[in-house]
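Structure first, then comments.
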Amino acid sequence: MAFRLYDTRLQKQVEFTPLHPGEARIYNCGPTVYGIPHIGNFRSFLFADLLRRHLEWRGLKVTQVMNITDVGHLTEDDVADAQGEDKLQKAARDLGWDPFKVARHFEEIFHRDRKRLRIKDAHVYPRATDHIREMLVLIQKLLDNGHAYVPEGSGEVYYDLASFPKYGELSHKNVDELVAGARVEVDEKKRNPADFFLWKVDPGHLMQWDPHDSKLWEGFKGGQPKLDPRIKKGFPGWHIECSAMSMKYLGETFDIHTGGEDNIFPHHECEIAQSEGVTNKPFARHWMHTRYLLVDNKKMSKRAGTLFNLDDLVTKGYGEREVRYSMLANHYRQPMNFTLEGLDAARASVERLENCRALLMEQAVIPAQAGIQSSVQSLAGKLKHDFGEALDDDLNMPNALAALFGFVNEVNKLKPVGADAKLALDALDDVNRVLDIFDATAKSHLVTKDDGTALVVSAGTIDVAGLLARTSHDEESVKLLVAARFDARAKKDFATSDRIRDELKVRGVILEDTKDGVRFKLPQ
RNA sequence: GGUGGCGUAGCCAAGUGGUUAGGCAACUGAUUGCAAAUCAGUCACACGUCGGUUCGACUCCGACCGCCACCUCCA
């Protein structure tokens with residue numbers, strides 16, 4: 001079966017057939033870089049990462065574009081309001097940075113944190129401020145097409161919703177009802193209360209562009225266009241950047257557009273109106289949206305201290321892998337209840353997976369005495385099949401993980417050796433192309449009984465107390481301690497052997513006695 | 001008020017008109033010098049409430065209760 005996704009517009013699951021065979025072009029609504037991205041943002045980005053990885057796993061060539069919204073609506077007042085709320089923003093203000101510098105700063109943090117969460121690099125991260133010209137070109141085309149207008153003397157441009165009857169099809173909203181809701185700002189400039197601005201004039205705004213300045217158009221493909229002279233110095237509307245950048249990098253019609261559920265209206269609805277108003281062609285073929293992430297079943301809030309960012313969680317002792325796993329393990333279309341207890345559970349789950357993999361790695365290097373067992377082969381095949389089938393079903397990761405844990409249980413029972421272990425390991429690593437949960441740097445080693453015997457020869461000279469006194473341990477010193485422990489255990493000196501194990505545990509080094517020898521795990 | 005969605009055993013969380021989802025936690029047993037890891041088992045005759053349809057509903061329909069989101073440039 002092919003990949004099936006739930007399309008927000010159609011409100012049902014549909015089979016995905018790419019516009020260009022063998023290729024998928026996807027656009028993800030990215031971060032607004034005026035603050036440290038929080039876990040709610042990352043749920044959306046991790047979903048985009050999962051979508052991209054699954055499509056690639058299914059053999060498609062994916063082009064992924066994620067925008068960086070750096071045209072803020074950062075006025076002097078906003079900056080002032082931010083005081084005391086956000087340490088970095090406050091720092092930026094104290095340093096007297098201009099908005100561009102603030103944007104670049106938080107953009108860097110976004111990239112730093114997403115890399116820690118192993119979110120793959122998108123192919124392009126276009127910045128809104130680098131595409132003001134593309135936006136102005138679209139705005140002019142909308143004016144030419146009769147989809148936009150310039151209110152008398154305003155210098156601004158508004159979208160004329162009356163010209164686009166499809167407005168509301170994505171969010172299933174009725175424009176008249178929206179207006180009746182009376183929450184739309186009353187503005188005499190607008191023809192229709194629900195019309196939204198494409199270009200805004202506001203002298204108090206920190207970021208502004210003069211559309212008629214020839215400098216702005218230097219080096220622009222096609223040169224400076226003929227713009228409506230009534231448009232004054234100002235800044236673009238929020239929605240137009242995604243229309244301009246998605247179409248520039250993915251084409252006028254592309255496969256999938258994603259975002260958080262809050263983007264459905266008005267943002268994505270407006271994107272459709274703008275894009276299709278210009279091209280008269282379908283814009284995004286499919287829309288996928290993640291539900292909100294709640295913390296302790298409530299919306300995140302600064303006051304409750306639940307607006308966690310990645311560093312907050314790391315400070316609390318959690319690793320990036322636990323965060324990645326716990327977000328991935330929940331279905332994107334269900335509201336997710338994020339809790340610290342959930343991270344504890346995620347840690348235990350990841351460790352179970354990793355123990356299985358470590359065991360397979362140990363066994364894979366042992367020379368095989370026989371050929372591949374059909375049982376292992378069918379297990380590996382079943383894992384790939386069931387895992388893939390689950391993700392084909394609108395990225396049903398809970399079911400995909402159930403398949404994975406089923407595999408782990410069977411492998412632990414079978415205890416495959418040699419080529420069998422290698423086969424099982426390959427199957428694990430294959431699904432890990434999507435999950436990316438195993439730690440390549442995790443250090444789990446088995447010191448076999450034979451190794452131990454060899455090490456024990458020199459055990460008498462090992463400075464056990466000195467080694468234990470160290471604050472951290474490298475592989476070599478752990479091996480020496482393991483040797484001393486072999487020696488102690490041979491003499492039934494369990495006080496010493498337990499002391500070595502306990503002291504190492506405090507420093508994060510785990511020792512496990514097995515039939516084959518001693519396994520040690522170094523901290524990550 | 002309008003629209004969309006959710007309520008599943010201690011916690012998290014899939015799914016289905018009739019046969020064990022899965023994970024975590026806890027407990028018991030096997031294994032171990034003791035642990036850890038692993039295996040077996042228990043908690044699990046779970047599905048917000050009340051009606052209806054049906055041979056049979058957690059799954060379909062209706063009402064109600066509780067919760068969430070969007071309609072405010074929040075992923």
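Residue numbering restarts at 1 for every chain, and letters A, B, ... go by the order of the sequence lines. Here the structure is a predicted model, which means the values were calculated and not measured.
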*Could you provide the dot-bracket string of RNA chain B, using ( ) for intrastrand pairs, [ ] for crossing pairs and | for bases paired to another strand, with Watson-Crick or G-U pairs below 3.5 Å?*
(((((((..(((.....[...))).(((((.......))))).....(((((..]....))))))))))))....
*When you measure from the side chain of A:N330 to the backbone N and O of A:S326, does any donor-acceptor pair fall under 3.5 Å?*
yes
*Does A:K415 put a side-chain nitrogen or oxygen below 4.0 Å from OP1 or OP2 of B:C39?*
no
_Taking donor-acceptor contacts at under 3.5 Å, does the side chain of A:R43 reach the base of B:A75?_
no
*asked:* From CG of A:N412 over to C1' of B:U38, roughly how many Å is that when rounded to an integer?
replied: 6 Å
*Residues in side chain to side chain donor-acceptor pair (under 3.5 Å) with A:H331, at least two apart?*
none
*Which residues share a salt bridge (Lys or Arg N to Asp or Glu O under 4.0 Å) with A:K413, sequence neighbours left out*: A:E410
*Could you pull out all residues at least two apart from A:D262 that satisfy side chain to side chain donor-acceptor pair (under 3.5 Å)?*
none
*Nearest-Å distance for atom pair CG/C1', residues A:L294 and B:C12*: 14 Å
*asked:* Taking donor-acceptor contacts at under 3.5 Å, does the side chain of A:D513 reach the base of B:C34?
replied: yes
*Partners passing side-chain contact (heavy atoms from CB on, under 4.5 Å) against A:A488 (at least two apart in sequence or in another chain)*: A:D493, A:T496, A:S497
*asked:* Just to verify, what does A:E341 make a salt bridge (Lys or Arg N to Asp or Glu O under 4.0 Å) with, not counting sequence neighbours?
replied: none
*In terms of base orientation, is B:C45 syn or anti, with the syn window spanning 90° either side of 0?*
syn
*Counterpart residues, salt bridge (Lys or Arg N to Asp or Glu O under 4.0 Å), relative to A:R347 (two or more places apart)*: A:E322
*asked:* Does B:A75 have OP1 or OP2 under 4.0 Å away from a side-chain N or O of A:T32?
replied: yes
*Between the base of B:G5 and the side chain of A:R291, is there a donor-acceptor distance below 3.5 Å?*
no
*Report the distance from atom CD1 of A:I264 to atom P of B:G4, rounded to the nearest whole Å.*
12 Å
*So does A:K299 get a side-chain nitrogen or oxygen closer than 4.0 Å to the phosphate oxygens (OP1/OP2) of B:C70?*
yes
*What residues, two or more places apart in sequence or in another chain, satisfy side chain to side chain donor-acceptor pair (under 3.5 Å) together with A:Y125?*
A:R114
*For every nucleotide of nucleotides 15-26 of chain B, 5' to 3': is a protein heavy atom under 4.0 Å from its base (B), only from its sugar-phosphate (S), or from neither (-)?*
S-----BSSSS-
_On the nucleotide B:C12, are OP1 or OP2 found under 4.0 Å from the side-chain N or O atoms that A:N337 carries?_
yes
*Between atom CE in A:M336 and atom C1' in B:A75, what is the gap in whole Å?*
14 Å
